[in-house]
Each structure stands twice: as C-alpha cells, then as structure tokens.
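Position 1 is the first residue of the sequence; numbering continues from there.
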Amino acid sequence: MRWTVYGTYGTLRLIGVLMVLSPAFSGTPVALFPEWDFDVFPFRTPGIVTIPAGFLLGTPGRGRRPGPDTAPGEPHHHRARQAPVRARDGA
C-alpha cells in the first residue's frame with residue numbers, strides 16, 4: 001500500500017516539474033506564458049515519461065509480504081472474509 005502512494009505522489013510531482021519545463025508552459029504561441037522561453041523538456045505532454053516512471057516508482061512494493069496485521073500462517077482470503085464484518089461492526 002505504501003508503495004502505491006509513493007508511485008502516485010512521485011508521478012504527480014514529476015508531471016508538475018515536466019509540465020513547467022515543457023513547451024506547453026512557455027515559448028510557443030499556445031503556451032501558458034508565450035513571451036517566456038525556458039522550455040527544456042521537448043514534449044508538450046509528459047505522459048511518455050511519467051506513465052512508465054509511475055509504474056517504476058510503484059513496483060518495489062509489489063512482491064512484499066503482508067502487513068503486520070496478518071499472522072504468519074494466516075491466508076490472505078481469511079482477511080478478505082473479515083472485511084464485511086468489520087465494516088458492519090465499525091471496527
């Protein structure tokens with residue numbers, strides 16, 4: 001779960017940085033600031049870089065063991081069956 005958050009927020013930050021450095025922000029007639037010219041990133045949209053980067057930022061946690069709320073021998077489907085009960089009880 002933690003790596004999903006890292007992947008999401010890391011990708012959002014990367015999108016923000018690359019958008020500011022792209023021609024969509026400065027240097028072209030249709031840019032947000034056409035009179036300024038500090039575009040370093042050559043693409044108008046950063047998706048070609050940020051989508052694969054988001055997957056790479058989120059992959060280190062994919063194969064990790066279950067969290068501390070799972071007993072060592074407890075199967076994962078057991079926790080899934082408890083979810084509706086916990087939702088009704090408010091726990």
Side-chain angles (χ1 to χ4, degrees):
M1 176 75 173
R2 178 179 58 181
W3 289 100
T4 305
V5 174
Y6 289 162
T8 303
Y9 287 124
T11 304
L12 285 174
R13 289 181 182 144
L14 186 61
I15 288 170
V17 168
L18 291 180
M19 281 304 291
V20 169
L21 297 176
S22 74
F25 195 77
S26 69
T28 61
V30 293
L32 188 60
F33 298 105
E35 63 277 356
W36 299 349
D37 190 12
F38 55 87
D39 55 339
V40 179
F41 186 68
F43 304 115
R44 287 189 188 273
T45 57
I48 192 87
V49 174
T50 57
I51 292 171
F55 283 110
L56 289 175
L57 287 170
T59 52
R62 257 191 343 182
R64 298 177 63 96
R65 55 184 154 72
D69 60 338
T70 304
E74 184 180 352
H76 296 291
H77 59 82
H78 180 67
R79 286 183 12 191
R81 281 188 282 150
Q82 289 180 349
V85 175
R86 289 182 181 174
R88 284 188 299 238
D89 294 342

- Message: Looking at every non-hydrogen atom in both residues, tell me the closest pair between Pro23 and Ala31 and how far apart they are.
- Response: O-CB, 3.4 Å
- Query: Should we count OH of Tyr9 as having more than 12 external heavy atoms under 6.0 Å?
  - Reply: no
Extract all donor-acceptor atom pairs below 3.5 Å that involve side chains of residues 12-22 and protein atoms in other chains or at least two apart in sequence.
residue, atom, partner, partner atom, Å
Ser22, OG, Met19, O, 2.9
Ser22, OG, Ala24, N, 3.3

Counting only pairs under 3.5 Å, give me each side-chain donor-acceptor contact of residues 47-57, with atom names and distances, residues two or more places apart or in other chains.
residue, atom, partner, partner atom, Å
Thr50, OG1, Pro46, O, 3.0

- CH2-CZ distance between Trp36 and Phe25, expressed to the nearest 0.5 angstrom: 7.0 Å
